[in-house]
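What follows is a set of notes on a single structure, which appears directly below.
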Amino acid sequence: MATDIIDLQLGGLAKCLVKAGLLSEADMLEHMKAAQKVKLPLISYLVANKLVDSKKVAASASAEFGLPQLDLSAIDIRTLPTGLVSEKLIRKHHALPLLKRGNRLFIGLSDPSDFLAQDEIKFHTRLNIETILVEEDKLGKAIETALEAADTSMADMLDADLDNLDVGGDAQTQGDEINPDIDDAPIVRFVNKILLDSIKRGASDIHLEPYEKNFRIRFRADGMLYEVASPPSSISTRIISRIKVMAKMDIAERRLPQDGRIKMTLSKHRAIDFRVNSCPTLFGEKVVLRILDPTSAQIGIEKLGFEPIQQKRFLEAINRPYGMVLVTGPTGSGKTVTLYTGLNIINSIDRNISTAEDPVEITVEGINQVNVNPKAGLTFASALRAFLRQDPDIIMVGEIRDQETAEIAVKAAQTGHLVLSTLHTNDAPQTLNRLVQMGIPPFNIVSAVNLIMAQRLARRLCEHCKVKADFPDSVLLSTGFSEDELKNLNIYSAVGCEHCTNGFKGRVGIYQVMTISENMRKLILEGGNTLQLAAQAKAEGINDLRASGLEKVRQGITTLEEIDRVTKE
C-alpha cells in the first residue's frame with residue numbers, strides 16, 4: 001500500500017531514495033518543497049544539507065535505473081573535453097561532459113531522472129546523450145575544476161581589448177609588421193589573454209605543452225608551476241604558430257629549437273618583454289615564455305629579504321672601487337634581480353657601467369648592455385675584452401662559465417674595476433673551490449674576490465590567511481631551533497584565500513653573504529677545502545642558507561616546510 005502512495009506522489013530520484021529507505025515519504029515531500037523554495041535541484045539540496053549520503057544515493061540510483069557509475073576522484077578533471085557544452089548549460093543542469101565518442105556524448109549526472117537536462121544538452125550539441133551516474137558532492141567540485149581549467153578557452157576570448165593589444169617582436173629583429181590575418185581572431189585573442197593573465201598573476205614563465213591527447217598551459221608563479229588552461233589539442237599547432245609569428249620565429253621550422261622575443265606595450269610607461277624558446281617534442285613543439293619585467297629590478301634593496309648585517313656587507317662590497325662580487329645559486333633563484341638592484345644603487349652619471357648577458361633580461365637606462373652571441377663569436381670573454389678597452393668603472397658578467405672568462409674577470413677586478421658576476425654553485429664556500437677547479441690560482445682569488453653571496457627564493461606567506469602552526473618540540477629542535485627560543489617561538493602555516501595562491505603571495509630572498517676575511521684568505525692560500533671554509537664562515541658569524549631561512553620562519557615571513565624545500569641538501 002505504501003508503494004502505491006509513493007507512485008502517486010513521488011517520482012524519479014525522489015521515489016528511488018524512498019524505496020531504498022534513505023528517507024521517509026513524508027520527509028522527502030518536505031525536502032522537495034524546501035528545495036523548490038531555494039531554487040535548488042532536489043539532490044543538491046539533500047547532499048548540501050547532509051540529509052543523505054551521496055555515495056548511497058549514487059549506488060541506489062545506479063541499481064534502480066540500470067546505469068553505470070563513475071568515481072570522479074579517479075580521473076583527471078582537467079583532461080575532460082571542453083567547448084562541447086556551454087558553461088550556462090553545465091551550471092543550469094549540473095551536468096559534466098565526460099567523453100565524446102563518435103556522435104555520442106557521455107555526461108555525468110547525479111540525478112538520472114533529469115530528462116530535461118539530457119534533452120536540452122542533446123538539442124544544443126546535436127549529439128546522442130549517454131548518462132553516467134556520479135556522486136553529487138564530487139560532481140559539484142568537478143564542475144568548478146573543469147570550468148576553471150576552461151576559463152581561458154575560446155568562448156571567453158571575446159573582449160574587444162584583446163584585439164588591440166600592442167604586441168610585437170623584439171626591437172632588434174623587427175621587420176615588417178605582423179599580418180593580423182595570419183591567424184584567425186579567436187586564436188589571436190586567446191594568446192593575448194594568456195599573456196595578459198600571466199602578467200596579472202605575477203607569473204615568471206609560461207609553458208605551452210602538447211601531448212598526444214591534450215594540450216596543457218601552465219604558469220610558474222612564486223617558483224611553482226600551476227595549470228591554467230587545457231585547450232583542445234586540435235588547436236595546439238595554431239596557438240604555437242601564433243606565438244612564433246609574434247616572436248619573429250620561423251613557423252615552417254618545427255624540427256629545431258628556436259629563440260625569439262615578444263614585446264607587449266601595456267601603457268606609455270610600461271612594456272613587458274617575453275623571451276620565447278621553442279623545442280621539438282614527441283607530439284609537437286613545446287614553447288616556454290620567460291616574462292621579463294623591467295620593474296622587477298626597481299623593487300628596492302630593502303624588499304629583497306636581506307637581514308641588516310647582510311645588507312650592510314653587500315652595500316659595502318658594491319661601493320668599493322675595485323674587486324669582485326659573486327652571486328651564486330641555481331637558475332631562477334633571483335641572482336639577476338639582486339645584481340641589478342645593486343647596479344641601480346651605484347648607477348650614476350660619473351660611472352661607466354657595462355654588462356654582458358645571455359640574454360639581457362632587464363633593460364636599465366644609463367647602463368651599456370650587451371647580448372652575447374656565441375654563434376657570431378661574441379662570447380662573455382670577447383665582450384669582457386671589449387669592455388676593458390672602453391674605460392670601464394663597473395663590469396657585470398652574466399655568468400662565469402669557463403676558465404677564459406674567469407681569468408679576464410679576475411684580472412679586471414685586480415686592475416681597478418668593480419666586477420659583478422654569477423656562478424652556479426650550491427653555497428658561498430663552494431664558489432671558492434669552483435674557481436680553483438676552473439684553473440684560477442688561489443693567490444689570484446684572494447686578491448680579487450671581496451664578497452660571495454649564495455641565495456635562494458622562498459615563497460612569502462599571505463598576511464591575510466596565515467595561521468599559527470603547532471609543531472612538537474622534538475621536530476623544531478631537529479630543524480635547527482634552540483631550546484631557549486621554543487617558548488616564545490611563533491611558527492605559521494599556509495592556508496589559502498582570495499588574496500593569494502595556496503597561502504603564499506610573492507617571494508623573499510634567503511642569503512648567505514660571505515665577505516672574504518684575512519683568515520679566510522689564509523685558508524684559501526693553504527688549499528683549504530669547502531668544509532673548512534664553511535666552518536671558518538660559521539666561526540665568523542656568517543649564517544648559511546639554512547640559518548637564514550630559519551630566521552625568516554621566526555619572523556613569520558614563510559613556513560618551515562618552505563625552508564625545507566628550498567634549502568634541503
Fill in: Gap separating the CD1 atom of I243 from the CG atom of L195, nearest 0.5 angstrom
6.5 Å
Worksheet item: Once you round to the nearest 0.5 Å, how far does CG of L289 lie from CE of M246?
Response: 8.5 Å
Practice prompt. Before accepting this row, confirm whether a basic side-chain N of the pair R218/E227 lies closer than 4.0 Å to the acidic partner's carboxylate O.
Written response: no
Item to complete: Using a strict cut-off of less than 4.0 Å between a Lys/Arg side-chain nitrogen and an Asp/Glu carboxylate oxygen, indicate whether K193 and D197 qualify as a salt bridge.
Response: yes
Worksheet item: Between the side chains of Y211 and R216, does any donor sit under 3.5 Å from an acceptor?
Response: yes
Discussion item. Checking S44 against E136 for the side chain to side chain contact (heavy atoms under 4.5 Å, CB included) test, could you report, in this order, the C-alpha distance in whole Å, the side-chain angles of both residues, the deciding distance, and whether it holds?
Written reply: CA-CA 7 Å; S44 300; E136 166 64 22; 3.0 Å; yes
Worksheet item: Does a side chain donor of either H464 or E498 reach within less than 3.5 Å of an acceptor in the other side chain?
Response: no
Worksheet entry | side chain to side chain contact (heavy atoms under 4.5 Å, CB included) partner of I240, chosen from I235, L208, V245 | L208
Fill in: Derivation and outcome, side chain to side chain contact (heavy atoms under 4.5 Å, CB included), residues I187 and I239
CA-CA 6 Å; I187 296 291; I239 292 173; 4.1 Å; yes
Practice prompt. I would like to know whether T125 and L89 meet side chain to side chain contact (heavy atoms under 4.5 Å, CB included); could you show each step before the answer?
Written response: CA-CA 11 Å; T125 61; L89 277 180; over 6 Å; no
Worksheet item: Do you know which two heavy atoms are closest between P112 and L67, and how far apart they sit?
Response: CB-CD1, 3.4 Å
Worksheet item: Between S110 and E135, does a side-chain hydrogen bond (donor to acceptor under 3.5 Å, both in side chains) hold up when you go through it step by step?
Response: CA-CA 6 Å; S110 57; E135 296 166 33; over 6 Å; no
Worksheet item: Salt-bridged, E285 to K244, with N to O below 4.0 Å?
Response: yes
Fill in: Closest heavy-atom pair and its distance - K335, P330
NZ-O, 3.0 Å
Worksheet item: What's the shortest heavy-atom distance between R254 and S241, and which atoms?
Response: NH2-OG, 3.9 Å
Item to complete: Applying side-chain contact (heavy atoms from CB on, under 4.5 Å), name anything that partners P257, two or more places apart in sequence or on another chain.
Response: P280
Worksheet item: Could you state the interatomic distance from OG (S278) to CD1 (I251), rounded to the nearest 0.5 Å?
Response: 12.0 Å
Worksheet item: Between atom CE of M32 and atom CG of L13, what is the distance when rounded to the nearest 0.5 Å?
Response: 10.0 Å
Practice prompt. Apply ring pair (Phe, Tyr, Trp, His ring centres under 6.0 Å) to H424 and list each qualifying residue two or more places apart in sequence or on a separate chain.
Written response: none
Worksheet item: Quick one: NZ on K122 to CD1 on I107, what's the gap to the nearest 0.5 Å?
Response: 11.5 Å
Discussion item. Taking the side chain as everything from C-beta on, heavy atoms only, tell me whether H207 gets closer than 4.5 Å to L225.
Written reply: yes
Worksheet, complete the sentence: Only one of R460, R507, K466, R459 passes salt bridge (charged side-chain N to carboxylate O under 4.0 Å, His left out) with E562, and that residue is R459
Response to the item:
All heavy atoms of L550 vs all of I563, minimum pair found to be N-CG2, 4.3 Å
Discussion item. Just by distance, no angles: are the side chains of N214 and S233 close enough, under 3.5 Å, to form a donor-acceptor pair?
Written reply: no
